[in-house]
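Before I ask anything, here is the structure I am working with.
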Amino acid sequence: MHILVTNDDGIHAPGLRVLVGELTRLGRVTVVAPDRERSGAGHAITVQNPLRVTPVEWEGGVVAHAVDGTPADCIKLGLDALVEGECDAVVSGINRGPNLGTDVIYSGTVSGAREGYLHGLPAIAASLDSLTNREEAYLPAARLTRLLLAELLGSGPRPVPLLNVNIPAGEIRGVRITRLGVRKYRNVFHRREDPRGRVYYWLAGEAVDLDQGPDTDARALREGYASVTPLRLDLTDAEVASRLRVWETRSWNEALSDGVPEAGRPGGAAGRGAGERDPA
Ligand code: MN
């Protein structure tokens, strides 16, 4: 058993250290993690710059590499270049703070796991509902992650799943299988001036869970349960696709020939707006 582990809080984060300690009970562990915090990196990958890899000392025979890239970079590089032989699973976490609902779009933690899933491996993203840096606080979450991974690797579902797991910071009352809720952020940007009088903006604000329906991740966590949300990659909206299918029967060639969409031509529905955009 060989498990590849990353996170987005950086290779020295307490949640990663505790998680790796637990996962070594299942088998061999290799760590490839960002050399600094990359929370909010989403599924970004580095293509304009080289990736530098630095070996990091780790206890218990764990091989660890720090990479000056994103969590997705780390898993890509790990699976395609750094790790000799096969990996059986990818685990990302334990994140400092939850990843609920629409957070999964921005989350480096989830993206690290998702990259493993893209490589065809079972993958878990695990997050703790706390911003603490105390290592002990991550232990129950790390244990649960280890148990869930053991389930996946045993008689777990096939094809292999991608699981987004959020774990309460206090007592874990149990596990709920959930769907993503809807989360938005309020008061998003702080506008300030630097010492030289230049304006800058800093993303801040608090999360607001708009959908906390009984089967959502946010509700499970709020009620003291570990939330397990199976994710998929196919974002296709089949309902909208079927409504738009009429576009396939339309003749586009005439409109395309003069480079102006039919709706944007003079006399067309949006003629004036299109004319304003055209400097000619
Ligand atoms: Mn993070």
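Note that ligands are numbered from 1 as they come in the structure, with each ligand's atoms numbered from 1 the same way.
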Next item on the list: Less than 2.8 Å from the Mn ion (ligand 1) is the window; count the protein N, O or S atoms in it.
Entry: 4
Next item on the list: State whether Asp68 and Arg52 are salt-bridged, where the test is any N-O pair (Lys NZ or Arg NE/NH1/NH2 against Asp/Glu carboxylate O) under 4.0 Å.
Entry: no
Next item on the list: Mark yes or no: Arg176 above the aromatic ring of Tyr225, with NZ or CZ under 6.0 Å from the six-membered ring centre and no more than 45 degrees from the axis.
Entry: yes
Check: Quick one: do Asp209 and Arg183 make a salt bridge, cutoff under 4.0 Å?
Finding: yes
Checklist line | Ionic contact status for Asp194 with Arg198, cut-off 4.0 Å | finding: yes
Next item on the list: May I ask you to establish whether Arg250 and Trp252 are in a cation-pi arrangement, using a distance under 6.0 Å from NZ or CZ to the six-membered ring centre and at most 45° from the ring axis?
Entry: yes
Next item on the list: Tell me, please, which residues at least two apart from Asn133 pass side chain to side chain contact (heavy atoms under 4.5 Å, CB included).
Entry: Pro14, Arg96
